[in-house]
Amino acid sequence: MCELGAQPFALDTTFQSEYEFLQLNSPQFLGNVSHLLEENDSSIVAVGRFQRSSASIKQNIIKLHSNGRIDNNWNPSFWVIDGINYVQKANGLYHFAVDNIGILRGTSSGYFVDGASMPLDTNFSISTHIPYLFPDGSMLVGGTGGKYPSANNFQRRLYFMRIRPDGYVDSSFHHNTNFDVEKTMRYDATRLLLYGGWMTHYDSVPVNKICRIDTEGNLDTTFYSGIFFSGGPQPKYIQPDGKIIVGERFMIHNHPDTLGLIRLNPDGSLDSTFNNFNSIHGQSSVTTVCPTTDGGFLIGGFFTSYQGYPRNRIVKTDANGFIDLRYFNGEGIDSSKNWVNYPASVRNIIPAQNDKYYVMGHFLKYDGQVVRPLIRILGLSHTVGVEAATPPQVRVYPNPAAGDVRMEWELPPGSRNAEIRVRDIQGREVARQTVSTQEGQWLWDTREMPDGIYLYELRTEAKEVLAQGKIVVKK
């Protein structure tokens, strides 16, 4: 039961993890949570790089009840010294993607199955990355290019392979790449996406960091994205219409800035309807994209501003990638217990049951409240016990515009002392108008403005955003 008056993206106080998530070998600092799997009974298996306390040997894996308390009946027989990036479940077994090791399998009781990382082939030296798991426990996965079947009996170097349900390489699978496939993810019922930061060929056919294959490993030549020329553009979310949202940090041809988020059409071309040119600076990056129930997205990562607006590591956008200024106006994600000044970050945002979201990473605060680096927040449907007020309105026409744009406002009774600000898609303010009456209008002359998309917002003196939208200038 949510607290009375709880608002969208408020902290879900029914979930409070008692696990401390301390830094491995340095428990005076904070560890990080990378990924989790929510079971059908709402229990959680969380992974990352952490330990419970200075005396703990239960490292990097923990099982929690739906309220965040530790499941003491789940006692793993193993611990992993390297961080765990990902957990999936197939054929009744957990599959853990472990840094510098590969894929490990465990039972629902917490016991390792094999005692070694997959693939299990004798004398096979390779580390595997994040796989795509089939229901029978077989997988398609990239690796670090180990010599198969062994260094002494070298036949071919494997950067991509199929592993059978028994954990061994499927020698009948003959597709390969020229460099590591770092992640294999579902595209639709019959196809997969592969990502590799240095990958330029699949089966000797040119590709560019991202390619699409069918579940048998055959390259889908209807997809090619030649826009990337540096960095690590990683697919983060596949929309139901087949469009691909790509994040992290990278550069594309014919654009001077480092970008953090774009959207591709199903054929790999740049989707011009999306707000693609989200320039990022320093070490900033977008690490996770999670859909919301209104068709928009929650974006998380390493950043303290987004599209020119202050946002600490988490932001809400609409369906086309434009920032939704109604949310995350507070302190956001922060930390005061860093390891050697390691910045706070959101590693993953994963949907939970009942329109909620798990947010995880390396942080100690959410909107100023001390939390664990694994929290659950409420979704858009959680507006409880709050009487809806008449929303302010801004009418904009014509839109698209080639000359003057008329902007008419109507505020709730008694409201005034606000302003309208207009910014370009880089977040730079290009126009401003004071609002001192409950109703009124303003003409914005766009004749000297470059063609493109502009964002407007109506905000109070206290910087509360009352309304927002987009204006297309096309002469």
Side-chain angles (χ1 to χ4, degrees), residues 14-22 24-25 27 31-121 127-141 163-169 347-348 350-354 356 358 360 372-376:
T14 67
F15 178 86
Q16 296 183 354
S17 174
E18 61 183 357
Y19 196 90
E20 293 177 274
F21 299 107
L22 301 176
L24 282 179
N25 304 320
N32 71 74
V33 181
S34 299
H35 194 247
L36 64 76
L37 175 68
E38 186 182 46
E39 304 275 23
N40 292 333
D41 63 357
S42 298
S43 64
I44 300 155
V45 176
V47 299
R49 189 172 182 85
F50 53 76
Q51 63 185 50
R52 181 176 181 181
S53 67
S54 59
S56 175
I57 63 169
K58 296 179 181 178
Q59 297 177 343
N60 300 327
I61 308 170
I62 187 66
K63 189 167 187 178
L64 305 173
H65 294 293
S66 60
N67 61 3
R69 297 196 176 278
I70 297 171
D71 183 349
N72 289 311
N73 293 321
W74 198 74
N75 295 301
S77 62
F78 57 87
W79 57 274
V80 181
I81 192 61
D82 286 280
I84 302 177
N85 293 318
Y86 215 75
V87 54
Q88 301 179 68
K89 197 173 186 180
N91 205 23
L93 297 176
Y94 296 109
H95 293 67
F96 303 101
V98 184
D99 283 341
N100 305 312
I101 294 178
I103 311 300
L104 300 177
R105 294 191 294 192
T107 68
S108 295
S109 301
Y111 292 92
F112 267 149
V113 173
D114 308 302
S117 63
M118 291 187 285
L120 301 175
D121 300 51
S127 295
T128 44
H129 299 296
I130 296 176
Y132 176 79
L133 280 175
F134 294 95
D136 66 353
S138 63
M139 67 184 75
L140 288 172
V141 62
I163 298 178
R164 304 188 313 240
D166 63 3
Y168 292 86
V169 172
R347 294 285 300 272
N348 246 315
I350 295 176
Q353 299 179 31
N354 302 317
K356 299 178 182 181
Y358 293 106
M360 66 211 73
R372 305 302 192 199
L374 170 59
I375 60 175
R376 192 164 65 201

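Throughout, numbering of the chain's residues begins at 1 and tracks the sequence. Just so it is clear, the model here is predicted, and its values are computed rather than measured.
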Applying side chain to side chain contact (heavy atoms under 4.5 Å, CB included), run through Ser17 and Leu64 and close with a yes or a no. CA-CA 8 Å; Ser17 174; Leu64 305 173; 3.9 Å; yes

When you measure from the side chain of Arg376 to the backbone N and O of Ser66, does any donor-acceptor pair fall under 3.5 Å? yes

Only one of Pro131, Ser127, Ser117, Pro119 passes side chain to side chain contact (heavy atoms under 4.5 Å, CB included) with Ile103, and that residue is Pro131

Check the side chains of Gln88 and Tyr94 for a donor-acceptor pair under 3.5 angstrom, ignoring hydrogens and angles. no

Donor-acceptor check, side chain of Glu38 to backbone of Ser43, threshold 3.5 angstrom: yes or no? no

Mind checking what makes ring pair (Phe, Tyr, Trp, His ring centres under 6.0 Å) contact with Phe21, not counting sequence neighbours? Tyr19, Phe50

Without swapping roles, check the side chain of Ser109 against the backbone of Tyr111 for a donor-acceptor pair under 3.5 Å. no

Any side-chain donor-acceptor pair under 3.5 Å between Asn32 and Arg347? yes

Please check: side-chain N/O of Gln16 versus main-chain N/O of Asn67, any donor-acceptor pairing under 3.5 Å? no

Return each pair, listed once, that meets salt bridge (Lys or Arg N to Asp or Glu O under 4.0 Å) where at least one residue sits in residues 83-93; pairs must be two or more places apart or across chains. Glu39-Lys89

Begin with the C-alpha distance, continue with both residues' side-chain angles, and end with the deciding distance and a verdict on side chain to side chain contact (heavy atoms under 4.5 Å, CB included) for Phe15 and Ile44. CA-CA 11 Å; Phe15 178 86; Ile44 300 155; 3.5 Å; yes

Can you list the residues that meet the salt bridge (charged side-chain N to carboxylate O under 4.0 Å, His left out) rule with Asp114, with sequence neighbours excluded? Arg105

Checking the side chain of Asn60 only, and the main-chain atoms of Asp82 only, is there a donor and an acceptor separated by less than 3.5 Å? yes

Has Asn91 got a side-chain atom pairing as donor or acceptor with Leu93's backbone, closer than 3.5 angstrom? no

Any side-chain to backbone donor/acceptor pair from His35 onto Val33? Under 3.5 Å, distance only. no

Has the side chain of Asp71 got a donor or acceptor atom that lies under 3.5 Å from a matching backbone atom of Lys63? no

Taking the side chain from Trp74 and the backbone from Val45, do they hold a donor-acceptor pair closer than 3.5 Å? no

